[in-house]
Amino acid sequence: MFPTRYGWATQWRVTVRYFTTKCVPKTELKYTTTINLPKTKFPARLSAEKRIEVEENLRKSCLSELYNWNRTVLSAEKEFILHDGPPYANGDLHMGHAVNKILKDLILKHKIISGTRVHYIPGWDCHGLPIELKALEAFNRKKHKSQPESHKTAHEIRQTARSFALQTIAKQKQGFESWGVTGDWNIDHGYYRSLDPSYISAQLWLFHELYERKLIYRDLKPVYWSPSSQSALAEAELEYDEAHQSPSLYLKLTLENRGAGCPGLQQQRLAGRQVYAVVWTTTPWTLPANQAVCYNPELNYSLVQSSAGEVLLVGKDLIDYLGVQLGTTLSVLQTIPGTELQSLKYHHPLCEEKILPFLPASHVKAEKGTGLVHTAPAHGPEDFLVCLERKIPVENLIDECGLYNERAPQFLQGKYALTEGNQLMTEALADSILKLSTIVHSYPIDWRTKQPVMLRASDQWFIDTNSLKERALKEINLVEIHPPTSSEVSKKVIEGQLKKRPYWCISRQRAWGVPIPVLYDTVTKEPIISKSLLTVIDERLKKESTIDFWWKASLEELVPTEVLQQLGTSHDRLEKGKDILDIWFDSGVSWLSVLGKDRVADLYLEGVDQFTGWFQSSLLTSVAARGKAPYKAIYVHGFAVDENGMKMSKSLGNVICPKQIARQYGCDALRWWVCAHATQNTSIPVSHKLLGTSAENVQKLRSILKFLLGVIAPEGPNGTAKESIQQDLLHHVDHYYIQQLEAFHRNVFALYDSYQHNKAAATILNFCQSTLSGLYLHVIKDRLYCGTRNEHNNLKAILDYTYRTLSKVLWPIVPFLVEESWTFYENNYFYKANQHALDVVLPPASQSVRAVECALDLRHVIYQQAQLNVNTWLLEVVVDCKDDDLSLLSMLHPILNKYENSTELCELLQVGCIALRKATASENRFAVTVEKSDKPLCKRCRRYLVCEQNDKTFPICARCDGILRQRRE
């Protein structure tokens, strides 16, 4: 029979060749007709063209019905809700999309095949700056070069952006379907888009509700502002330039009346000299907006004298640090507690007449700088809060383009603050600068334009996250985060974001998005929000199926007379708001359209970066609206990188396109790669080597399925009824294998349930190559091919159970392969026939398991002593073992102290005959003697030794002779 070196991934080809050409001479071919060889029309391999054809046919005929079948047939009592985070509709699908959607589909298909109904509505995020920028690019290509850019209207931009988004959605949808992703891809009800009228309507009413509850408000606050985009940005829309260069400026500010207002300063030590407070800044452009100096009352401060004779006020703990930074010796004249600084005042650096205060603040630290902080409430959140507490008005000197406005000093007006502003300010303050240098540090940039941003005060709409954070923190602590290795870190990330976020700016100054449904009084500038106005907007939205009328309609058209009367104003005193809602608010309220007011998703699954994005915006909006998180659990995955760990980009030329991968290797190979690699680390390696390995693994599985089908369904799906397992005919190795099979089934499903997909893939591959092919199929092949009819039928039933179990654990990962193979087994779709538990459950056989495990240990010892190139069926083995092992092995080999060749132990060890004896005295567990027999092997089974050759031309063993006689009879 087969030497043990044959791998069972090639079982099919080896089996056929062995019994037809290699091992049996042509004159002996008559025995091949007596052997039960596997027969099936299921192809061993598919060409790329044929595979594409098969996948497309299965997609149309089988998988397209899956979601609706699941919603119709499976019980609603147990429903699993996976809420789809909307991918952004601004480009072709990439490997990140493949990771995300296929991971979701693995979970959905596992739930379905386990008998659980799933709720999954795919969606798309359609608004925002990236799509608008692409619309502008397309718009500019169509316009004549001489036509000024200002001729682009909001309506024109929106039309182009919508067209681009819809085209992108159509392409992405086709890609998701091609990967076999479960879903109803029908636009009527199957998926959502943030540009759909129903989605926009729900969002507008939620805005109104939160405004009425004072959770949304309008105010002048510092926000991240992108001059290049001319819009406010959320933190999630920022990237950081680690090599950014900024000026590092130490500046002295003149204290009013040499600090005489501070009782702690000993004026006699000053001898009439001027005293300066020292501040440090990397943003000289913000100094015109300076309105205070902050200090920490818990720190101590010192008057020091520099080597130049100047008297400086600095933090006591920073004196040595400052001496090094300023390149001077600082001698301490006096030290006072921070609480003494509250009465100090100073002169504004650009305007001597403006006297400003010292303000206590906890954000001032003694880690770097001077212990005193330049404070411009228009350009810093801590600065803003300190001044807000003391009702100090904000002075905003920067316009939307990042230029100084008319309220700035004349020499700065019209200058770009981030570049010219820094230069002009350092020149204007040259006499007050103690040191000017350059610092390289991390600086926020616009994620799309890659240009620097600034903190700038502007009138924006905000969500009051301060009032939400306590509840949000409680909710996030109840949420499970997968994988467990990232749970603690991930929770700290989102908790840290929630704790430090006093407000969330939800307004943007762009054209492509959902308008904030607000009118403004042209005189008072106060916002006007009305339920009756929103009702009019909503009715028109449903009628026109687009919100574009907000930009096109006049106020007279938009605000009917009856609404105007309710508002108590006139059309000439109103103006429409021009802001749109932040796309993080836009996508963050997707739970409202998909889940409604009451339901909570069992799972949200997105990339790890969404802890500062969609996970957080969804949490805050849901807590604000209904006091609870929108999800019970979060699953995070990493990002696709090339084999060198580099992010994939067109500029680097390392992009691998999933569409090309699917065509080259097959969708199942792409899915196997996702399952095997996407849950291990934050970086997911992609290479043709790994993808090729995935394709090879899928091919191995195909070979195994082909072999099983050849045994259990030789006539195809219209063949005879399936056999049932007869327990009285089971060998100990059969009991062992079935127990291993059932444990494998439970283990894989448990790994699926805990989202450990990479371990599931490894477990499947290991079981198929080791337990199934490497052990069981190898051991039973004699009974399967050459045994009695009852033996064959019982093994056929076990392998039928194996095929169905294997199909069930494989289907979530490689549905195309499973559904294709199932067409050769049964006239039905696999998922329709297998949503319930498998029906073979055998009683425990622990003694059989122990006996087989003992025999496998013995086999290892025997094969170590036997020559590798010897046919093991020619081996005669004597085994001496101790009582415990002897008791177990006797279950497989009942006859002791003499050679026997027909026992289960011989079958399991694949040797000709064994003599089993009790050891008298030995340190080793097994004492083994191996000899090679000179007797010939049976010409039919190639297993049993032939002792008497009645038929000298075609000698066969007694077992085969008996079987052939039964057939003739």
Side-chain angles (χ1 to χ4, degrees), residues 86 88-90 123-136 139 152-169 187-188 191-211 216 218 231-232 460-461 506-520 527-560 563 571 574-594 617 621:
Y88 203 54
N90 75 322
W124 275 272
D125 187 2
C126 308
H127 294 129
L129 180 60
I131 294 176
E132 183 171 335
L133 291 177
K134 292 202 172 184
L136 287 170
F139 186 92
K152 295 191 299 294
T153 66
H155 178 58
E156 289 174 315
I157 294 172
R158 290 180 62 82
Q159 282 185 313
T160 310
R162 178 180 292 103
S163 176
F164 174 81
L166 293 176
Q167 291 173 14
T168 301
I169 289 172
I187 183 57
D188 293 336
Y191 55 90
Y192 72 92
R193 303 173 301 185
S194 61
L195 54 69
D196 290 330
S198 58
Y199 191 99
I200 294 173
S201 175
Q203 188 176 175
L204 294 179
W205 282 111
L206 179 63
F207 177 90
H208 180 268
E209 176 190 337
L210 298 183
Y211 175 80
I216 287 180
R218 184 170 172 82
S231 177
Q460 301 290 341
W461 287 92
I506 60 169
S507 50
R508 297 291 181 268
Q509 291 64 51
R510 305 303 305 180
W512 179 233
V514 176
I516 296 179
V518 177
L519 303 174
Y520 295 94
I528 300 171
I529 299 179
S530 162
K531 185 175 182 179
S532 57
L533 173 64
L534 191 55
T535 300
V536 171
I537 294 171
D538 192 28
E539 290 175 353
R540 186 163 180 175
L541 171 62
K542 292 175 182 176
K543 181 180 179 181
E544 299 188 15
S545 298
T546 173
I547 196 73
D548 287 358
F549 61 83
W550 181 264
W551 283 267
K552 294 189 298 179
S554 65
L555 279 168
E556 288 75 14
E557 295 175 296
L558 194 62
V559 187
V563 174
H571 287 122
L574 295 176
E575 65 178 354
K576 288 183 291 185
K578 298 178 181 178
D579 296 338
I580 63 169
L581 286 163
D582 172 22
I583 59 169
W584 291 108
F585 184 88
D586 199 4
S587 62
V589 300
S590 59
W591 55 265
L592 181 59
S593 294
V594 176
S617 65
T621 54

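Please read these numbers as outputs of a predicted model, since none were measured by experiment.
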Stepwise side chain to side chain contact (heavy atoms under 4.5 Å, CB included) check, Val594 with Tyr191: CA-CA 9 Å; Val594 176; Tyr191 55 90; over 6 Å; no
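No donor-acceptor pair under 3.5 Å is formed between the side chain of Tyr211 and the backbone N or O of Leu206. Using modelled atom types, no side-chain atom of His571 and backbone atom of Ser554 make a donor-acceptor pair closer than 3.5 Å. Of the possible polar contacts, none joining the Ser194 side chain to the Asp586 backbone as a donor-acceptor pair under 3.5 Å is found. Gln203 contributes no side-chain N or O that, together with a main-chain N or O of Val589, makes up a donor-acceptor pair within less than 3.5 Å. Checking side-chain atoms of Trp550 against main-chain N and O of Ile516 turns up no donor-acceptor pair under 3.5 Å. A donor-acceptor pair under 3.5 Å is formed between the side chain of Ser587 and the backbone N or O of Ile583. Proximity of a side-chain donor or acceptor of Ser231 to a complementary backbone N or O of Gln509 within less than 3.5 Å is detected. Side chain of Arg158 to backbone of Ala511: a donor-acceptor contact under 3.5 angstrom is found.
Atom CG in Asp125 sits 9.5 Å away from atom CD1 in Ile169 (nearest 0.5 Å). Rounding to the nearest 0.5 Å places OH of Tyr520 at 12.5 Å from CG of Leu574. In this structure, Thr160 OG1 and Lys134 NZ are separated by 14.5 Å, a value rounded to the nearest 0.5 Å. With values rounded to the nearest 0.5 angstrom, Asp196 atom CG is found 10.5 Å from Trp124 atom CH2. To the nearest 0.5 Å, atoms CG (Leu534) and CG (Asp538) are separated by 6.5 Å. Annotation: the span from Leu204 atom CG to Leu581 atom CG amounts to 7.5 Å, rounded to 0.5 Å.
Here the side chains of Leu555 and Leu519 are in contact, with some heavy-atom distance below 4.5 Å. The shortest distance between side-chain heavy atoms of Val559 and Leu533 falls below 4.5 Å. Side-chain contact between Pro197 and Lys542 is absent, with no heavy atoms from C-beta onward closer than 4.5 Å. You'll find the side chain of Trp461 reaches within 4.5 Å of the side chain of Val518, heavy atoms only.
Tyr199 is linked by a ring-ring contact (aromatic ring centres under 6.0 Å, His included) to Tyr192, counting only residues two or more places apart in sequence or in another chain.
Minimum interatomic distance between Ile547 and Leu541 (heavy atoms only, all atoms of both residues): N-CD1, 3.8 Å. Leu195 approaches Ala165 most closely through the heavy-atom pair CD2-CB, 4.4 Å. Between Glu557 and Arg540, the shortest heavy-atom distance links the atoms O-NH1, 3.9 Å. Of all heavy-atom pairs between Gly588 and Ser617, the closest is CA-OG, 3.5 Å. Taking each heavy atom of Phe207 and Pro517 in turn, the nearest pair found is CD2-CD, 4.0 Å. Here the closest non-hydrogen pair linking Ser532 and Val563 is OG-CG1, 3.8 Å.
For the ring-ring contact (aromatic ring centres under 6.0 Å, His included) test with His127, the passing option among Trp512, Phe164, Trp584, Tyr88 is Trp512; the others fail.
A donor-acceptor contact under 3.5 angstrom links the side chains of Ser163 and Gln167, judged on distance only. For the 3.5 Å distance criterion, the side chains of Arg162 and Thr546 qualify, holding a donor opposite an acceptor. Side-chain contact annotation: Thr153 with Trp551, donor-acceptor N/O pair under 3.5 Å absent.
Summarising the local packing, NZ of Lys576 is surrounded by more than 12 heavy atoms from other residues, nucleotides or ligands at distances under 6.0 Å.
In this structure, Arg218 pairs ionically with Asp579, as a charged nitrogen and a carboxylate oxygen lie closer than 4.0 Å.
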